[in-house]
Q: 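Before anything else, here's the structure in question.
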Amino acid sequence: MRVTRIGGPTALVEWEGWRILTDPTFDPPGRTYSFALGTSSRKTTGPAIPLDEIGPVDVVLLSHHHHADNLDDAGRAGLSAARTVLTTVAGAKALTKDGAHPDARGLAAGDAVTLTAEGKRDLVVSATPCRHGAPLTGPIVGPVVGFALSLAGAARPGLWMTGDTVLYGGLRRAATGMLPDVALVHIGAVKFPLTGPLAYTMDADDAVELIGLAQPGVAVPVHVEGWSHFSQQEEAAAAVFDAAPGPVRERIRWAPLGVPVDLP
């Protein structure tokens with residue numbers, strides 16, 4: 001499997017002939033975007049690879065469509081380069097309604113879909129649970145899903161994308177014993193001044209616990225730089241990972257921005 005980290009949550013995964021793009025964000029830096037309840041964030045860095053150099057994509061894994069740090073304007077326009085978009089049920093309805101993509105499929109946690117393509121092994125994609133904030137914030141922050149991908153007939157996932165989520169019981173249960181070959185772990189400890197200490201994604205300490213539960217072959221941190229509302233960015237997260245217990249620390253692999261990394 002080859003993973004190219006592009007920026008924020010966005011990565012290109014090339015695996016057994018499949019080209020998979022996660023949470024497309026390709027706008028240039030400098031703009032401030034509005035979020036729920038008057039919160040906002042500024043994009044501080046642009047993509048390490050421009051959209052027009054990505055090439056054809058089989059499937060976009062879109063954890064949610066309604067926050068610009070997971071789908072910005074250029075990313076939305078670029079959806080047309082993909083054969084299929086997998087996202088939340090609400091996201092699929094919105095993308096279909098506004099014509100962003102003709103094959104946007106909505107999944108809730110526990111749902112699965114099988115993708116087929118000539119000359120490739122079938123790809124089974126299962127939606128995994130996410131909660132994008134504290135309890136009872138769902139109506140404000142909206143639905144989010146993660147994705148576990150397996151080649152047909154495989155005993156365990158080859159790829160798990162956690163999506164934007166805090167660490168909570170449902171995620172712990174889904175992760176325990178998953179054993180994916182590669183996990184893209186969304187961190188960043190998203191916070192806003194307006195909501196004080198409330199976090200909307202995991203920090204590195206949460207990720208250490210999650211990685212210990214899921215036991216991926218390799219864990220690649222993403223969603224950790226490039227936006228002002230990421231309260232714990234790459235350097236601070238790396239310090240936490242460096243101090244993690246050996247069985248977790250040895251699984252973590254930073255992917256330099258814009259550099260394809262071949263993973264076992």
Q: Begin from the C-alpha positions of His229 and Tyr200 and carry the test ring pair (Phe, Tyr, Trp, His ring centres under 6.0 Å) through to its verdict.
A: CA-CA 10 Å; His229 65 319; Tyr200 298 89; 9.1 Å; no
Q: Rounded to the nearest 0.5 Å, how far apart are CG of Asp205 and CG of Leu167?
A: 10.5 Å
Q: Atom CG in Leu123, atom CG in Leu115: separation rounded to 0.5 Å?
A: 5.5 Å
Q: For a 4.5 angstrom cut-off between non-hydrogen side-chain atoms, does Leu159 reach Pro180?
A: no
Q: Side-chain contact, heavy-atom cut-off 4.5 Å: Val59 with Leu61?
A: yes
Q: State, to 0.1 Å, how close Gly163 and Ser63 come at their nearest heavy-atom pair, and which atoms those are.
A: CA-CB, 4.0 Å
Q: Between the side chains of Lys43 and Asp72, is the shortest nitrogen-to-carboxylate-oxygen separation below 4.0 Å, so that they form an ion pair?
A: yes
Q: Ser228 side chain to Arg42 main-chain N or O, any donor-acceptor pair under 3.5 Å?
A: yes
Q: Are any side-chain N or O atoms of Thr84 and backbone N or O atoms of Asp103, one a donor and one an acceptor, separated by less than 3.5 Å?
A: no
Q: Got Pro143 and His66 here, is their nearest side-chain heavy-atom distance under 4.5 Å?
A: yes
Q: Could you grab the distance from atom CZ of Phe35 to atom OG of Ser40, nearest 0.5 Å is fine?
A: 8.0 Å
Q: Stepwise, does the side-chain contact (heavy atoms from CB on, under 4.5 Å) test hold for Trp254 with Val220?
A: CA-CA 6 Å; Trp254 286 99; Val220 179; over 6 Å; no
Q: Shortest non-hydrogen contact from Ala82 to Val60?
A: CB-CG2, 3.6 Å
Q: If you measure from the Lys or Arg side-chain nitrogens to the Asp or Glu carboxylate oxygens, is any gap between Arg19 and Glu14 under 4.0 Å?
A: yes
Q: Please check this pair: side chain of Thr87 against backbone of Ala92, looking for a donor-acceptor N/O pair closer than 3.5 Å.
A: no
Q: Give, for atom CG of Asp23 and atom CG of Asp164, the distance between the pair rounded to the nearest 0.5 Å.
A: 6.5 Å
Q: With His186, which of His223, His132, His67, His64 fulfils ring-ring contact (aromatic ring centres under 6.0 Å, His included)?
A: His223
Q: Just by modelled atom types, is the Arg121 backbone N or O under 3.5 Å from a matching donor or acceptor in the Trp18 side chain?
A: yes
Q: Tell me whether Val182 is reachable from Ile252 by hopping between hydrophobic residues (I, L, V, M, F, W, Y) whose side-chain heavy atoms are closer than 4.5 Å.
A: no
Q: Quick check: do Phe230 and Thr44 have side-chain heavy atoms less than 4.5 Å from each other?
A: no
Q: With a 3.5 Å distance limit and no angle check, can you tell me whether Thr39 reaches the backbone of Leu194 through a side-chain donor-acceptor pair?
A: no
Q: Taking all non-hydrogen atoms of both residues, which atom of Ile187 and which atom of Ala237 are closest, and how far apart?
A: CD1-CB, 3.9 Å
Q: Please report the interatomic distance OG(Ser150) to CH2(Trp160), rounded to the nearest 0.5 Å.
A: 13.0 Å
Q: Membership question, hydrophobic clusters at under 4.5 Å side-chain separation (ILVMFWY): are Leu210 and Val218 in the same one?
A: no
Q: So among Ile20, Val124, Val13, which one has a side-chain contact (heavy atoms from CB on, under 4.5 Å) with Leu149?
A: Ile20
Q: Test your reading of the model: is there a side-chain donor-acceptor pair from Thr137 to the backbone of Ile140, 3.5 Å cut-off?
A: no
Q: Using only atom types and a distance under 3.5 Å, with no angle test, would you say the side chain of Thr96 pairs donor to acceptor with the backbone of Lys93?
A: no
Q: Keeping the roles fixed (side chain from Asp27, backbone from Ala74), state whether a donor-acceptor pair exists under 3.5 Å.
A: yes
Q: Could Arg31 and Asp73 be called an ion pair, given the rule that one side-chain N must be under 4.0 Å from one carboxylate O?
A: yes
Q: Where the side chain of Thr165 meets the backbone of Thr162, is there a donor-acceptor pair that is under 3.5 Å apart?
A: no
Q: Going hydrophobic residue to hydrophobic residue with side-chain gaps under 4.5 angstrom, can you get from Val57 over to Val3?
A: no
Q: Taking the side chain as everything from C-beta on, heavy atoms only, tell me whether Ile211 gets closer than 4.5 Å to Pro216.
A: yes
Q: Carefully, step by step, assess Arg131 and Val141 under the rule side-chain contact (heavy atoms from CB on, under 4.5 Å).
A: CA-CA 9 Å; Arg131 194 182 77 201; Val141 299; over 6 Å; no
Q: Is there side-chain contact between Thr10 and Phe26, with at least one heavy-atom pair below 4.5 Å?
A: yes
Q: Any idea which heavy atoms bring Val185 and Met202 closest together, and the distance?
A: CG1-CE, 3.8 Å
Q: Could you go through the side-chain contact (heavy atoms from CB on, under 4.5 Å) check for Arg172 and Glu209 one step at a time?
A: CA-CA 9 Å; Arg172 289 186 177 96; Glu209 180 180 345; 2.7 Å; yes
Q: Which distance, rounded to the nearest 0.5 Å, do you find between the NE2 of His101 and the CG of Leu95?
A: 9.0 Å
Q: Kindly say whether Trp227 contributes a backbone atom to a donor-acceptor pair with the side chain of Gln233 at under 3.5 angstrom?
A: yes
Q: Quick check: is Leu71 connected to Val144 through a chain of hydrophobic side chains (ILVMFWY, heavy atoms under 4.5 Å apart)?
A: no
Q: Which pair of non-hydrogen atoms, one from Arg253 and one from Pro221, has the smallest distance, and what is that distance?
A: O-CD, 3.5 Å
Q: Answer with yes or no whether the hydrophobic clustering places Met1 together with Val261; edges join I, L, V, M, F, W, Y residues whose side-chain heavy atoms lie under 4.5 Å apart.
A: yes
Q: What I'd like to find out is whether the side chain of Val89 reaches to under 4.5 Å of the side chain of Leu107, using heavy atoms alone.
A: no
Q: Does the pair Glu234/Arg5 count as a salt bridge with the N-to-O cut at 4.0 Å?
A: yes
Q: Considering non-hydrogen atoms only, spot the tightest contact between Thr25 and Pro47 and give its length.
A: O-CB, 4.1 Å
Q: Is there side-chain contact between Thr22 and Pro9, with at least one heavy-atom pair below 4.5 Å?
A: no
Q: Start with the C-alpha gap between Arg105 and Val113, add the side-chain angles, then the distance that decides, and say whether side-chain contact (heavy atoms from CB on, under 4.5 Å) holds.
A: CA-CA 9 Å; Arg105 308 186 196 182; Val113 63; 3.4 Å; yes
